[in-house]
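Along the sequence shown, residues are numbered consecutively beginning with 1.
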Amino acid sequence: MRTSAAAGLTLAGTKASVLQFPNIMVQSAVKPIVVSSANGNKFKHDGNVTAVQKAFTMITQGSDVLDA
C-alpha cells in the first residue's frame, strides 16, 4: 500500500509541473538571430546582400520568421 501511495504522489507532482503555461516573449525583449549553413553568408548571383543579411533585415522589419 505504501508503494502505490508514493507512486500516486509522484505522478501528481509530475502532472503539476507539466501543466505550466508557456512563456510569452515580448518582441522588443527578444533579440533576432539567424541560423544558416556556411553558404548562407556568401553572395549569390552577383548580388550585394547575403541570405543571412536579407533574413535578418526581414525579421527586424517585422516579417514572418518562416518567410525570412
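In this structure, Ser36 OG and Gln53 CD are separated by 11.5 Å, a value rounded to the nearest 0.5 Å. Residue Leu66 holds its CG atom at 10.5 Å from CE of Met58, rounded to the nearest 0.5 Å.
The shortest non-hydrogen separation linking Thr50 to Asn41 is OG1-OD1, 3.6 Å.
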